[in-house]
Peer 1: 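There's a structure below that I have some questions on.
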Amino acid sequence: MDLEKQEGVVVVTPEEVEVFDYAKRAQWLRAAVLGANDGLLSTASLMMGVGAVKQDVKTMILTGVAGLVAGACSMAIGEFVSVYSQNKLPNPYTAAMASAVAFSVGALVPLLAAAFIKDYKVRLAVVVAVVSLALLVFGGVGAVLGKAPFVKSSLRVLIGGWLAMAVTFGLTKLAGHVGV
């Protein structure tokens, strides 16, 4: 920072001052948490849905991998288009990559939870338990970044996640029973 003295007054010239926009950083962190939450919940719900009608681990894992790839691509394309159409935002390629990575990190949670468990009922229970813990963490981080009530936000994300997994499991089970 340059300091100049003019008639007893110190003048700070702006060319040396580096301004860091914490609001932009918080927006990116919040977007990353939401992207990871999307990956977590959509992949877990897909795996639970297929798990409702197919009990083998291979089918459940393949479903999760397909959900991870499709979701990461979808998030990246959506982020690219959104950022590309607005001038003041960062590089659309960087935004697309960040969105895909965040989604993928979230999607890996249920995949890793289910990958090594052969027993069907134990696998479903472990996925629900691990995803529940991750939902609480993501809800809490989102609350801190959004300056919202911590417990209320965490529980809202958890209950919403349980509802998504239960509805997906139930409707897929019904569709499998009916023979669709």
Peer 1: Which heavy atom of A72 sits nearest to which heavy atom of A100, and what is that distance?
Peer 2: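 Closest approach of A72 to A100: O-CB, 3.6 Å.
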Peer 1: Supply the atom-to-atom distance K118 NZ to D56 CG, rounded to the nearest 0.5 angstrom.
Peer 2: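 Reported to 0.5 Å precision, the distance equals 10.0 Å.
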Peer 1: Is V167 reachable from M48 through a run of I, L, V, M, F, W or Y residues, each pair having side-chain heavy atoms under 4.5 Å apart?
Peer 2: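 Different hydrophobic clusters.
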Peer 1: If only atom types and distance count, is the side chain of S42 paired as donor or acceptor with the main-chain N or O of D38 below 3.5 Å?
Peer 2: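 Side chain of S42 to backbone of D38: a pair is present.
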Peer 1: Apart from M75 itself, which Ile, Leu, Val, Met, Phe, Trp or Tyr residues share its cluster (side-chain heavy atoms under 4.5 Å, direct or through members)?
Peer 2: F103
Peer 1: Please round to the nearest 0.5 Å and tell me the distance separating atom CG of L124 and atom CD1 of I117.
Peer 2: 9.5 Å
Peer 1: Just by distance, do the side chain of T172 and the backbone of F169 share a donor-acceptor pair under 3.5 Å?
Peer 2: no
Peer 1: State, yes or no, whether a side-chain contact exists between P110 and L40 at a heavy-atom distance under 4.5 Å.
Peer 2: yes
Peer 1: Does a side-chain heavy-atom distance below 4.5 Å link L41 with M165?
Peer 2: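 The answer is yes; the side chains approach within 4.5 Å.
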Peer 1: Is there a donor-acceptor pair closer than 3.5 Å between any side-chain N or O of K173 and the backbone N or O of A52?
Peer 2: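 Between the backbone of A52 and the side chain of K173 there is a qualifying donor-acceptor contact (under 3.5 Å).
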Peer 1: Would the distance check show the side chain of S153 and the main-chain N or O of P149 forming a donor-acceptor pair, the cut-off being under 3.5 Å?
Peer 2: yes
Peer 1: With rounding to the nearest 0.5 Å, note down the distance linking CD1 in I77 to CZ in F80.
Peer 2: 10.0 Å
Peer 1: If you compare all heavy atoms of A114 against all heavy atoms of V127, which two are closest, and at what distance to 0.1 Å?
Peer 2: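 In this case the closest contact between A114 and V127 is CB-CG2, 3.6 Å.
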Peer 1: Hey, what do you get for OG (S154) to CD1 (I159), rounding to the nearest 0.5 Å?
Peer 2: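 Going from the OG atom of S154 to the CD1 atom of I159 covers 11.0 Å.
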Peer 1: Identify the heavy atoms of A44 and V131 that sit nearest to each other, and give their distance.
Peer 2: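 That closest heavy-atom pairing would be CB-CG2, 3.7 Å.
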Peer 1: So, taking the atom named CE in M97 and the one named CD in E79, what distance separates them when rounded to the nearest 0.5 Å?
Peer 2: 12.5 Å
Peer 1: Run the ring pair (Phe, Tyr, Trp, His ring centres under 6.0 Å) test against Y120 and tell me which residues pass, sequence neighbours left out.
Peer 2: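 Y120: no ring pair (Phe, Tyr, Trp, His ring centres under 6.0 Å) contacts found.
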Peer 1: Among the clusters formed by ILVMFWY side chains lying less than 4.5 Å apart, do V126 and L135 turn up in the same one?
Peer 2: yes
Peer 1: Please report the interatomic distance CG(L68) to OG(S104), rounded to the nearest 0.5 Å.
Peer 2: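 Here the rounded value is 4.5 Å.
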Peer 1: Is there a continuous path of hydrophobic side-chain contacts, each under 4.5 Å between heavy atoms, that joins V128 to L158?
Peer 2: yes
Peer 1: Verify, without hydrogens or angle tests, whether R123 (side chain) and Q55 (backbone) share a donor-acceptor contact under 3.5 angstrom.
Peer 2: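 Present.
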Peer 1: Between F150 and L155, is there a shared hydrophobic cluster once you connect ILVMFWY residues whose side-chain heavy atoms come closer than 4.5 Å?
Peer 2: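 As far as the 4.5 Å side-chain criterion goes, L155 and F150 are connected within one cluster.
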Peer 1: Any donor-acceptor pair under 3.5 Å linking the side chain of T43 with the backbone of G39?
Peer 2: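 Yes; at least one donor-acceptor contact below 3.5 Å.
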Peer 1: May I ask you to test the V157-N37 pair for a side-chain heavy-atom distance under 4.5 Å?
Peer 2: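 SC-SC contact between V157 and N37 confirmed.
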Peer 1: Give a yes or no on whether V101 and L111 share a hydrophobic cluster (residues Ile, Leu, Val, Met, Phe, Trp, Tyr; joining criterion: side-chain heavy atoms under 4.5 Å apart).
Peer 2: no
